[in-house]
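Each remark here refers to the structure printed beneath this line.
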Amino acid sequence: MTLTAPFDNSYARLPSAFYTRLNPKPVQAPNLVAYNKQLGDMLGISGADRDEIAAVFSGVSVPEGADPLAQLYAGHQFGSFNPQLGDGRALLLGEVIASDGVRRDIQLKGSGPTPYSRMGDGRAWLGPVLREYIVSEAMHALGIPTTRALAAVRTGEDIIREAVLPGAVLTRVAKSHLRVGTFEVFAHRGQKEELQNLTDYAIKRHYPQANGPMDLLRAVCQAQADLVAKWMSVGFIHGVMNTDNCTISGETIDYGPCAFIDDFHADTVFSSIDQTGRYAYSNQPRIIVWNMAQLATSLLQLYDDPKTVLDEATEIVHAMPAQVEAAWLSEFAAKLGIANPKPEDAALISDLLNLMQQDGADFTNTFDALARGDAKDQFLDLDAYETWAKIWQARIATEDGPNAVMQAASPRIIPRNHRIEEMITAAVAGDDAPFERLLKALSDPYSTEDTDLMRPPTKAQRVPATFCGT
Ligand code: AMP
Ligand code: MG
C-alpha cells in the first residue's frame with residue numbers, strides 16, 4: 001500500500017538560498033516503534049500499512065508530493081554566534097494543511113548527512129528519539145505549544161556514540177521550523193533580500209495580522225513569553241535555549257537535554273554541557289529576552305537606517321520581562337486556585353516556592369496535593385507550611401471553585417527523568433513496554449491513576465545529568 005499525504009510545500013518555493021534539496025539516505029532495516037495515528041489522520045496521511053509507514057518515516061521511500069530539503073540557519077549557542085548551522089541530520093519532507101486549517105511541517109530527524117552536518121553523521125540513536133517522542137507528546141497533552149511526534153522507526157543500523165547504539169529516525173511535526181537562527185543567518189551575511197523574503201514568509205505563515213517586522217517581533221515576543229511561563233508552571237527545563245532552538249511560531253522545539261524538576265530548586269540544571277547554568281530553570285525567563293534581542297537585532301538589518309526603528313525595537317524587547325512576569329503570575333496563580341490574580345499574589349507564590357526549595361519538596365506532587373486540599377506531606381518544616389497555608393486559604397476563600405482551577409492547572413504526572421532513562425534502557429534491549437506505558441499515562445496527565453509513575457525517584461533512581469541528543 002502507498003502512503004499518501006496532501007503535500008503543499010511552501011518552503012520549497014522560496015529561493016534556493018534558504019535550503020539544500022536532498023533525499024534522505026535510506027536505512028538498512030526499518031522497523032516501526034510508534035506511529036501517532038491520531039496526528040497522522042489530522043495531517044491527512046492515509047493509505048499506508050505498518051511497513052510502508054516504517055519505510056516512509058525512516059527515509060527509505062519518499063512519498064509522492066514530498067520535496068525533501070535541509071534548511072539553512074545559524075544561531076547563538078551558549079551566547080556565542082555560530083554563523084552556520086542548519087539541518088545537519090534532519091530533512092523537511094514537506095508541508096500539509098492539517099484538518100484544523102493550520103499548515104504544518106513534516107520533518108525527519110536522523111535521516112542522514114546533509115551539507116550542514118559539519119563533523120556529524122546525520123544520524124540519531126534510539127534514546128533521544130524516544131525521549132523526544134515521549135516528552136513532546138506529554139507537553140502537547142499538558143496544553144503547552146510544542147512540535148509533535150508522528151513516528152519513531154528503528155533503522156536496524158548501529159550508531160557510534162560513547163558506545164555502539166541502535167539507530168532510529170524521529171518524524172516530527174511543527175507549525176514551522178523557522179527559528180531565530182533562520183533570521184540570524186541572513187542578517188549576518190547581509191542578505192537583505194532574503195531577510196525580507198523570510199520576514200514576509202514568517203508573517204504570512206504565523207502572524208498574518210502583523211504589520212511589518214516590528215509587529216512580527218512583538219508577536220514572537222508575546223508567544224515566547226507565554227511559552228516560557230508555561231514551561232515554568234510544570235517545572236520544565238529546556239536545557240539548550242540557543243537561538244537556533246527558539247522558534248518563531250512559539251512552539252517548544254528540540255528536546256535534547258531537557259528535563260522536568262523533581263524536588264524543587266530554582267537553580268536546577270540537568271544538561272551535562274551547561275556548565276555555567278546559563279539555561280537553569282530560573283534563568284529561562286531572562287534567556288528568552290536575550291534570544292528575542294537577537295531576533296530584534298536581525299530584523300533591524302532590514303532597514304536602510306536602523307536608527308529609525310531602534311527605539312521601537314528596544315521598547316519591544318524591554319517590555320518582555322513584564323510580559324513573562326504577567327504570564328508567570330497567571331500560570332502559577334491558577335495552580336493556587338486563583339483565576340484572576342492580583343500583583344500581590346506573586347509574593348504568595350514566591351513564598352511557597354521558597355518553602356518548597358528549602359524542604360526539597362517535589363514540584364509536581366506539591367501542586368497536585370494542593371489541588372486536592374493539603375500538601376503538608378511534602379514539607380519538613382510544618383510550622384512554616386501551616387503559616388503559609390493559612391494565608392493561602394484566606395486568599396482563596398472568595399474564589400469560585402478554586403479546586404477545579406487548580407486541578408486544571410497542575411498535572412498529576414510529568415515525564416520524570418528516571419522513568420525516561422528506564423524506558424530508554426528497556427527499548428535498547430528490545431522491550432518497548434515501558435515506552436507504551438509512559439505514552440499512555442502521559443496522554444492523560446490531569447487525571448491519570450498510574451500512581452507508580454507519579455512517584456519521585458528514590459536516591460538510587462535519581463538522574464543527575466542529561467545529555468544532548470546527538
Ligand atoms: P541540536 O543540538 O540538536 O540543536 O543541534 C545543533 C546543530 O548540530 C544543528 O545544526 C544540528 O543539525 C547539528 N547536529 C546535531 N547532531 C548531529 C548529527 N548527529 N549529525 C549531523 N549534524 C548534527
Ligand atoms: Mg537544534
Side-chain angles (χ1 to χ4, degrees), residues 135 138-144 226-237 259-266 268 281 326-342 344-416 419 438 440-457:
V135 183
M139 293 287 267
H140 173 72
L142 291 167
I144 300 178
D226 291 343
L227 179 65
V228 170
K230 285 189 191 299
W231 290 355
M232 301 300 280
S233 78
V234 294
F236 178 76
I237 307 171
F260 286 77
I261 288 186
D262 293 303
D263 53 309
F264 182 69
H265 198 294
T268 304
Y281 174 78
W328 178 91
L329 178 61
S330 129
E331 295 290 338
F332 274 87
K335 294 172 86 70
L336 294 184
I338 303 166
N340 296 299
K342 304 180 183 119
E344 54 273 26
D345 292 326
L348 184 69
I349 299 163
S350 299
D351 287 349
L352 174 66
L353 291 172
N354 288 338
L355 282 184
M356 287 165 63
Q357 173 157 326
Q358 189 186 298
D359 287 4
D362 183 83
F363 185 90
T364 306
N365 290 358
T366 299
F367 284 106
D368 179 49
L370 286 173
R372 279 145 224 282
D374 184 11
K376 69 170 166 301
D377 288 356
Q378 302 294 326
F379 291 90
L380 303 171
D381 184 347
L382 287 184
D383 285 348
Y385 169 72
E386 297 292 358
T387 304
W388 176 86
K390 271 204 193 95
I391 302 170
W392 170 54
Q393 289 295 350
R395 170 64 184 88
I396 60 172
T398 53
E399 289 288 313
D400 252 1
N403 286 73
V405 171
M406 286 190 268
Q407 285 172 26
S410 288
R412 311 209 75 197
I413 171 179
I414 41 105
R416 293 187 186 269
R419 291 300 189 175
L438 271 182
K440 181 161 180 287
L442 289 161
S443 70
D444 183 21
Y446 297 98
S447 47
T448 185
E449 291 300 329
D450 197 332
T451 46
D452 188 34
L453 289 181
M454 289 165 61
R455 215 169 289 140

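Below, each value reflects all heavy atoms present in this structure, side chains not excepted, and no hydrogens, waters or symmetry copies. Counting begins at 1 with the first residue of the sequence.
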Look up atom [atom1] in [X] and atom [atom2] in [Y], then write down how far apart they are to the nearest 0.5 Å.
| X | Y | atom1 | atom2 | answer |
| --- | --- | --- | --- | --- |
| Lys342 | Arg395 | NZ | CZ | 4.0 Å |
| Leu355 | Leu380 | CG | CG | 10.5 Å |
| Asp381 | Trp388 | CG | CH2 | 14.0 Å |
| Thr364 | Phe264 | OG1 | CZ | 11.5 Å |
| Ser330 | Lys230 | OG | NZ | 7.5 Å |
| Leu336 | Leu370 | CG | CG | 6.5 Å |

Run Phe260 and Val135 through side chain to side chain contact (heavy atoms under 4.5 Å, CB included) and show every step you take.
CA-CA 10 Å; Phe260 286 77; Val135 183; 3.9 Å; yes

Check whether [X] reaches the backbone of [Y] with its side chain - one donor and one acceptor, N or O, closer than 3.5 Å.
| X | Y | value |
| --- | --- | --- |
| Ser350 | Ala346 | yes |
| Gln407 | Tyr446 | no |
| Thr448 | Pro445 | no |

Where [X] and [Y] come nearest, the two heavy atoms and their spacing:
| X | Y | answer |
| --- | --- | --- |
| Leu329 | Pro341 | CG-CB, 3.8 Å |
| Arg419 | Leu438 | O-CD1, 3.8 Å |
| Pro411 | Asp368 | O-CB, 4.2 Å |
| Phe363 | Gly235 | CE2-N, 3.4 Å |
| Gly373 | Gln393 | O-NE2, 4.1 Å |
| Ile338 | Glu399 | CA-OE1, 3.6 Å |

Any side-chain heavy-atom pair from Gln358 and Asn354 closer than 4.5 angstrom?
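Sidechains of Asn354 and Gln358: no contact.
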
May I ask you to test the Phe379-Thr366 pair for a side-chain heavy-atom distance under 4.5 Å?
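SC-SC contact between Phe379 and Thr366 confirmed.
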
Set out, in order, the CA-CA distance, both residues' side-chain angles and the distance that settles side chain to side chain contact (heavy atoms under 4.5 Å, CB included) for Asp359 and Tyr385, then state yes or no.
CA-CA 10 Å; Asp359 287 4; Tyr385 169 72; over 6 Å; no

Looking at Arg416, Arg455, Gln378, which hits side-chain hydrogen bond (donor to acceptor under 3.5 Å, both in side chains) with Asp362?
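By the side-chain hydrogen bond (donor to acceptor under 3.5 Å, both in side chains) criterion, Asp362 pairs with just one of Arg416, Arg455, Gln378: Arg416.
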
Taking CG in Asp452 as the centre, count heavy atoms belonging to other residues, nucleotides or ligands within less than 6.0 Å. Is the count above 12?
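Count over threshold, so yes.
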
Neighbour count above 12 (heavy atom, 6.0 Å) for Lys335 NZ
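Yes, NZ of Lys335 has more than 12 neighbouring heavy atoms, counting only those of other groups under 6.0 Å.
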
Under the side chain to side chain contact (heavy atoms under 4.5 Å, CB included) rule, what do Trp231 and Met139 come out as? Steps first, then yes or no, please.
CA-CA 9 Å; Trp231 290 355; Met139 293 287 267; 3.7 Å; yes

Worked verdict on Ile349 versus Trp392 for side chain to side chain contact (heavy atoms under 4.5 Å, CB included):
CA-CA 9 Å; Ile349 299 163; Trp392 170 54; over 6 Å; no

